[in-house]
Number of protein chains: 2
Amino acid sequence: MVEIDKKRDAIIYGAIKRFIHFGINKTTMNEIAEDLSVSKPSLYYYFPDKSSLVFGVIDKIFSDYFELAEKELLNEVTLEARLSSFIEIKHRFFQKYYMLHLSGGSPDSSLNSADLKTHFMKMKGKDLKMHAAIFEEAMKTGHIAPTDTEKIAELYLESLAGITSLCIMHGNKELFPSKKELKTILDKQLSLSQIFIKGLK
Amino acid sequence: MVEIDKKRDAIIYGAIKRFIHFGINKTTMNEIAEDLSVSKPSLYYYFPDKSSLVFGVIDKIFSDYFELAEKELLNEVTLEARLSSFIEIKHRFFQKYYMLHLSGGSPDSSLNSADLKTHFMKMKGKDLKMHAAIFEEAMKTGHIAPTDTEKIAELYLESLAGITSLCIMHGNKELFPSKKELKTILDKQLSLSQIFIKGLK
DNA sequence: AAAATAGTCAAAAAGTAAAAAAGTAGAATG
DNA sequence: CATTCTACTTTTTTACTTTTTGACTATTTT
């Protein structure tokens, strides 16, 4: 890895630390620079504006997510185990990066740039494709009945995401969901997943 | 029906007309009074404050909903038909009363009073009980495998509601969801319902 | 080439005064 | 006596001004 990429990565890690704690909007470029003991212009040397840093951070998070997901999937063989594994990975990321509001739906002004939205769509599309592939294989091996796996994957992911967003909305309006709420979300998602799979057989 | 109740009802209907169009916050007590050709204090004679009028309106809407649901359920015998029927009724109400944001989750300041929330919980509880009863009967007649019907009903309703709230959130940010979006929501809910039922067998 | 100093400027936050809405007292009506 | 009104007070919003912050840059230094 070349020098400039190392620095970019260091900045991304520094930004992530702040973002995790205070969120994107409540973090200033000044603070990130101070944390890393560099000057503001140095920061702007590597990232032309805050959006591109945010983009870099989000891209990093998603690539970590997919990397982990792909690795974990190799350990699982059944449809059930694969989907559960996916739910748990997503849950860990949701928890860790909660303050970045990556699940969307928040009126967080920081995530509203056009190319960031496009990128989000791409990531969502990749997630969808991976899930569709899981269903596809289960279909080919006869574990589930023949269906349109893309459509099913979409409905599946949307139902799970819906549970999350509902729980957060109806939760006690703290800035962070409680351990109990998080547990509830995970349990509900796993239960729904179970029923959903059975419903496809 | 006694005279006072007739007047209360007339006021509630007047309020609903405004609420449906402009929402609760954008409707003033003055406007409701003017619509009905009465003075504001007259309104306050029947409803001590705006909250209690809103309460009355919401109570009316929910009682209409449950009345219709109970009636329609008598026409259906299978689990599938009953749940579909419920989804369609709820969808009609969602559409009609969209501007009141009854599905919750909106930061609409009008629905934040304590006893209104309690009332919402009660209504949700009744909905849950009705669904649980539907599952219970399907269980007793052997159409689905034995389960905790209350828990299943909760998961079922939450998944459906989750789909709605996700679609609305990710929708094109108009104040009103488009016909197409509404259709999508309904279709997804019906599909999920199908799979869910099959998953319980 | 990379980093720092010392700024600019737009946008957000905070504050404020006028307007509108909620809500009330007490008289009037029938 | 139940109901409705006129004429108010209190509370909340709105529209505006001032202040501050934070994104970003021109210029200089290492």
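Quantities reported herein were computed from a predicted structural model and do not represent experimental measurements. Proteins get letters first, then strands, A, B, ... in listed order; numbering begins at 1 in each.
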- Message: Is it the case that the side chains of A:Thr118 and A:Asp115 hold a donor-acceptor pair, with the cut-off being a distance below 3.5 Å and no angle test?
- Response: no
- Could you check how far CG of B:Asn25 sits from P of C:dA22, rounded to whole Å? 10 Å
- Rounded to whole angstrom units, what separation is found between the OH atom of B:Tyr45 and the C1' atom of D:dT3? 6 Å
- Query: Under 4.0 Å between a side-chain N or O of B:Ser39 and OP1 or OP2 of D:dC5?
  - Reply: yes
- If only side-chain N and O atoms of A:Lys7 are considered, is one of them under 4.0 Å from the OP1 or OP2 phosphate oxygen of C:dA3? yes
- Do B:Phe135 and B:Tyr156 come within less than 4.5 Å of each other through their side chains, counting heavy atoms only? yes
- Query: Could you state the CD1-C1' distance from B:Ile24 to C:dA21, rounded to the nearest angstrom?
  - Reply: 16 Å
- Message: Applying the salt bridge (charged side-chain N to carboxylate O under 4.0 Å, His left out) criterion to A:Arg82, which one of A:Glu137, A:Glu136, A:Glu70, A:Glu88 satisfies it?
- Response: A:Glu137
- Taking OP1 and OP2 of D:dC5, is either one under 4.0 Å from a side-chain nitrogen or oxygen of B:Ser42? yes
- Starting from P on C:dA3, measure out to CG on A:Leu36 and report it in whole angstrom. 11 Å
- In whole angstroms, how far is the C1' atom of D:dT3 from the NZ atom of B:Lys6? 16 Å
- Item | Atom-to-atom span, NZ of A:Lys40 to P of D:dA26 - whole angstrom | 14 Å
- Message: Can you classify the ring geometry of A:Tyr98 versus A:Phe176 as parallel (below 30°), tilted (30 to 60°) or perpendicular (above 60°)?
- Response: perpendicular
- Message: Can you identify which nucleotide, out of C:dA22, C:dG23, C:dA3, has its nearest atom closest to the A:Tyr46 side chain?
- Response: C:dA3
- To the nearest Å, give me how far apart CG (B:Asn30) and C1' (D:dC5) are. 14 Å
- Out of C:dA25, D:dA23, D:dA2, which nucleotide sits closest to the side chain of A:Lys50? D:dA23
- Message: Between B:Glu34 and B:Lys40, does any NZ, NE, NH1 or NH2 come within less than 4.0 Å of an OD or OE carboxylate oxygen?
- Response: no
- Result for 5'-nearest mapping on DNA chain D, choosing between A:Thr28 and A:Pro48, is A:Thr28
- Task: Report the nucleotide, chosen from C:dA22, D:dT4, D:dA23, that has the shortest atom-to-atom distance to any side-chain atom of B:Tyr44.
- Result: C:dA22
- Message: Heavy atoms only, 4.0 Å cut-off, all strands: where does A:Thr27 land among base, sugar-phosphate and nothing?
- Response: sugar-phosphate
- With respect to the side chain of A:Pro41, which nucleotide from D:dA23, D:dC5, C:dT5 is positioned closest? C:dT5
- Item | Whole-Å gap separating C1' (C:dA22) and CD (B:Glu31) | 13 Å
